[in-house]
Each structure stands twice: as C-alpha cells, then as structure tokens.
Amino acid sequence: GVSHVLTLVLQELSLLCKRDVNGVGMLYDLLRSRWLQALLKIYECLQHYLGKRPVPVTLQARALNREVVELLREAPQSAEIKELRRLLRAPHFKAALLSAHDTVAQKDFEPVLPPLPDNIPENEEAMRIVCLVKNNQPLGATIKRHEITGDITVARVIHGGLADRSGLLYAGDKLVEVNGVPVEGLEPEHVINIL
C-alpha cells in the first residue's frame with residue numbers, strides 16, 4: 001500500500017541525502033515524520049474499510065417482498081410456492097424483520113466528528129481528534145499527570161496493543177477530552193474509568 005511506497009521513496013531519498021542534493025534532507029525528514037506516518041496509516045485503514053464495508057443490497061426490502069409475493073401469486077401453485085407466500089406474508093416477517101432491515105439499511109452509522117473551527121490562530125498547538133473503537137479490548141496505553149503542567153498525557157504505548165496498532169496515539173500526547181468528557185483537572189484514575 002501507501003506505506004510500502006513511502007518506504008521505497010525514503011530508501012531512494014537516503015541515497016540522495018548522502019550526495020547532499022539541495023532540499024532532499026528536508027524532504028527526507030518530512031517523509032519520516034511521525035505525523036505523516038500516522039496520517040498514511042489512517043488513510044490505509046479508511047481505504048481498507050471502504051473496500052470491505054457491507055452495503056445493503058436494497059434499502060426497500062418491504063417493497064421487494066410485496067413484489068415477490070405478487071409474482072408468486074401469478075406463478076403455478078405448488079406446495080413450495082404456497083409455503084413461501086405464507087412465510088413472506090407473515091406479520092412477524094413483514095413487520096419485524098423487513099421493517100428492521102429497512103430502518104438499519106437507511107441509517108448512516110459512520111462516526112460524526114465536529115467541524116474544525118475556522119479561526120485557529122497560527123501559533124496555536126495542533127490538535128488531533130482520534131477515534132479508537134475498543135470492542136472490550138484494552139487500550140494498550142498508560143496515562144499519567146505531567147509533573148509541571150498538570151496535563152493528562154499518554155505515558156507509554158504498549159507494543160502490539162490497540163493504540164500501537166492504530167498508530168494514532170504516542171507517548172507524550174496530551175489528552176484534552178475522552179468520549180466527550182473534558183479531562184482537565186481530573187485524576188488519571190478517573191480518566192482511566194472513562195476510557
């Protein structure tokens with residue numbers, strides 16, 4: 001994927017860096033930066049997700065069911081066709097199952113992130129919004145209170161854990177909010193309970 005191409009580009013640039021070609025050192029440093037690596041991981045994850053995300057075949061299963069029942073009514077009546085018509089016309093099938101299908105198929109379950117403000121001062125710190133879905137697995141990171149600033153920060157990221165595999169959290173990252181709850185002034189133990 002993209003990470004592999006970036007690795008190949010970095011190998012080529014390292015050769016040019018040794019020859020001291022103008023501007024190559026800066027480009028090499030840029031391509032090696034942690035934030036770009038994380039951005040590419042996010043991009044690859046999104047591309048992978050978009051490629052295998054399940055999509056409903058139809059948004060209107062109830063309408064399709066009515067059409068099939070009508071077609072079956074006109075078909076030669078065998079025992080199998082009568083049984084299928086009876087099943088498709090059953091209230092629990094039409095009202096519960098197909099109605100639930102149509103409701104779910106028409107909803108968008110993608111996470112909705114708030115828009116970024118337009119008026120961010122140039123000297124403002126960069127902030128990342130990170131969305132990690134734990135699914136009953138540990139986060140794979142520890143947190144602590146910074147001795148000087150009092151901020152809650154990521155103390156370390158455990159190799160192979162969810163945070164490490166995502167590439168979105170790094171040791172030293174400041175936590176501002178967790179699940180919509182501001183963490184300023186909270187004790188690390190309380191923040192862990194929110195996580």
Side-chain angles (χ1 to χ4, degrees), residues 1-18 23-57 104-105 107-117 120 123-195:
V2 177
S3 295
H4 178 70
V5 171
L6 182 61
T7 302
L8 295 174
V9 169
L10 284 170
Q11 289 171 354
E12 289 293 319
L13 285 176
S14 67
L15 297 173
L16 292 173
C17 275
K18 291 175 185 170
V24 171
M26 186 179 73
L27 181 60
Y28 182 73
D29 290 341
L30 172 70
L31 293 176
R32 279 188 37 224
S33 63
R34 281 187 357 184
W35 65 267
L36 183 61
Q37 300 287 332
L39 188 61
L40 289 173
K41 276 188 179 180
I42 293 168
Y43 175 78
E44 285 185 336
C45 288
L46 287 173
Q47 290 301 97
H48 179 71
Y49 172 77
L50 289 174
K52 64 181 250 186
R53 181 176 67 175
V55 178
V57 175
V104 170
K107 286 191 178 177
D108 185 9
F109 293 97
E110 298 294 317
V112 178
L113 298 176
L116 293 174
I120 298 175
N123 60 352
E124 187 76 22
E125 286 185 14
M127 184 181 293
R128 289 179 287 130
I129 298 171
V130 175
C131 180
L132 292 175
V133 181
K134 288 179 19 177
N135 290 333
N136 296 325
Q137 59 183 317
L139 180 60
T142 59
I143 61 171
K144 68 176 182 178
R145 180 179 302 286
H146 191 275
E147 296 98 21
I148 299 170
T149 64
D151 295 332
I152 302 293
T153 62
V154 175
R156 76 184 173 110
V157 176
I158 299 164
H159 179 71
L162 175 64
D164 179 49
R165 290 192 315 268
S166 74
L168 299 174
L169 288 179
Y170 299 98
D173 283 352
K174 174 183 169 183
L175 299 181
V176 176
E177 191 177 279
V178 176
N179 296 332
V181 178
V183 298
E184 185 176 1
L186 297 180
E187 293 299 318
E189 294 78 22
H190 188 229
V191 176
I192 288 172
N193 290 335
I194 300 171
L195 286 168

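- Other residues, nucleotides and ligands contribute at most 12 non-hydrogen atoms within 6.0 Å of the CD atom of Glu184.
- Summarising the geometry of Glu177 relative to Val183, their closest heavy-atom pair is N-CG2, 4.2 Å, with the distance given to 0.1 Å.
- Summarising the local packing, NE2 of His190 is surrounded by 12 or fewer heavy atoms from other residues, nucleotides or ligands at distances under 6.0 Å.
- Expressed to the nearest 0.5 Å, how far CD of Glu187 lies from CD1 of Ile143 amounts to 10.0 Å.
- Of the inter-residue distances, the one linking Ile158 atom CD1 with Leu169 atom CG reads 11.5 Å to the nearest 0.5 angstrom.
- Between Ala141 and Ala163, the shortest heavy-atom contact is CB-CB, 4.2 Å.
- How far NE2 of His146 is from CD1 of Ile152: 11.5 Å, rounded to the nearest 0.5 Å.
- Nearest heavy-atom pair across Lys144 and Pro188 is C-CG, 4.4 Å.
- Summarising the geometry, atom CG belonging to Leu168 is positioned 9.0 Å from atom CG belonging to Leu162; distances are rounded to the nearest 0.5 Å.
- With hydrogens and angles ignored, the 3.5 Å screen pairs no side-chain donor or acceptor of Arg156 with any backbone N or O of Ala171.
- One N or O on the side chain of Asn179 and one on the backbone of Ile194 form a donor-acceptor pair closer than 3.5 Å.
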